[in-house]
Amino acid sequence: KTIGSKMINGLPVRVTQTENITDIDNQEVVYLSDGKSSLLDDLLKSIAHKSIMVITEREGLFKKGAGFSFILTDNNTLRFDINNTELEKRQIKVSKSLTSLANTIL
């Protein structure tokens with residue numbers, strides 16, 4: 001509800017939830033929750049050659065193909081890791097200011 005009226009570059013932001021990764025088609029960003037982390041490989045296969053950014057909740061999944069992985073540091077700070085190699089393969093560019101905030105970059 002909060003994001004339903006938001007616009008980015010004149011286009012509406014649309015948030016959908018799905019239980020089936022085969023339903024992912026025209027999304028630009030996919031957020032894979034911690035409870036669905038085991039589906040990462042299948043997700044990456046289903047969106048191969050598409051410019052879809054994958055963000056995961058589970059630490060370390062950026063090493064397995066996600067563009068971003070959230071991590072919780074020892075002092076309970078939420079940070080993120082970036083896989084620039086994967087993002088570049090998907091023709092996704094990340095600003096240097098965002099990259100500078102990352103915990104780890106591949």
Side-chain angles (χ1 to χ4, degrees):
K1 292 179 181 179
T2 303
I3 207 158
S5 62
K6 301 285 183 185
M7 303 283 275
I8 297 177
N9 293 330
L11 299 172
V13 174
R14 185 175 56 120
V15 176
T16 58
Q17 182 175 345
T18 183
E19 294 295 323
N20 189 347
I21 60 172
T22 58
D23 292 340
I24 297 169
D25 186 30
N26 293 324
Q27 287 74 13
E28 294 176 353
V29 177
V30 172
Y31 184 86
L32 192 62
S33 66
D34 188 40
K36 300 292 183 178
S37 295
S38 63
L39 298 175
L40 179 62
D41 289 337
D42 292 335
L43 171 64
L44 293 174
K45 287 176 190 170
S46 73
I47 63 170
H49 311 295
K50 294 181 181 178
S51 293
I52 298 175
M53 181 186 301
V54 177
I55 302 171
T56 61
E57 254 183 12
R58 183 166 291 175
E59 183 175 346
L61 291 183
F62 77 113
K63 294 177 183 175
K64 296 183 178 190
F68 290 83
S69 290
F70 284 112
I71 62 167
L72 192 60
T73 64
D74 291 338
N75 63 354
N76 287 327
T77 303
L78 187 62
R79 300 286 311 266
F80 59 92
D81 297 323
I82 298 177
N83 185 333
N84 264 338
T85 304
E86 183 63 31
L87 292 169
E88 287 173 6
K89 275 196 273 183
R90 296 185 177 280
Q91 300 176 346
I92 298 170
K93 295 180 182 179
V94 178
S95 73
K96 289 184 182 191
S97 59
L98 182 59
T99 302
S100 70
L101 298 173
N103 187 61
T104 305
I105 303 168
L106 286 183

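- Counting heavy-atom neighbours within 6.0 Å of Asn75 CG, excluding the residue itself, gives a total above 12.
- Here Ile52 contributes atom CD1 and Ser46 contributes atom OG; the two are 7.5 Å apart, rounded to the nearest 0.5 Å.
- The structure places CD1 of Ile82 at 4.0 Å from OG1 of Thr99, a figure rounded to the nearest 0.5 Å.
- Between atom NZ of residue Lys63 and atom CG of residue Leu106 there is a gap of 7.5 Å, rounded to the nearest 0.5 Å.
- The shortest heavy-atom contact between Arg90 and Ser51 is O-OG, 2.7 Å.
- Tested against Phe70, the residues Ile55, Thr56, Asp34 include a single side-chain contact (heavy atoms from CB on, under 4.5 Å) partner, Ile55.
- Using a 4.5 Å cut-off on side-chain heavy atoms (C-beta onward), Leu72 and Glu59 make no contact.
- Annotation: side chain of Ile105 is not in contact with side chain of Phe62 (no heavy-atom distance under 4.5 Å).
- Atom NZ of Lys50 is surrounded by more than 12 heavy atoms from other residues, nucleotides or ligands within 6.0 Å.
- Interatomic distance, Leu43 CG to Leu32 CG, rounded to the nearest 0.5 Å: 6.0 Å.
- With hydrophobic clusters built from ILVMFWY side chains whose heavy atoms lie under 4.5 angstrom apart, Leu78 does not share a cluster with Ile71.
- Of the possible polar contacts, one joining the Arg79 side chain to the Leu101 backbone as a donor-acceptor pair under 3.5 Å is found.
- For the atom pair CD (Glu86) and CG (Leu44), the distance works out to 6.0 Å, reported to the nearest 0.5 Å.
- Asp81 places a side-chain N or O within 3.5 Å of a backbone atom of Thr104 that can act as its donor or acceptor partner.
- Each of Ile92, Leu61, Ile47, Val29 was checked for a side-chain contact (heavy atoms from CB on, under 4.5 Å) with Val54, and the lone residue meeting it is Ile47.
- From Lys89, atom NZ reaches atom CG of Asn84 across 12.5 Å, with rounding to the nearest 0.5 Å.
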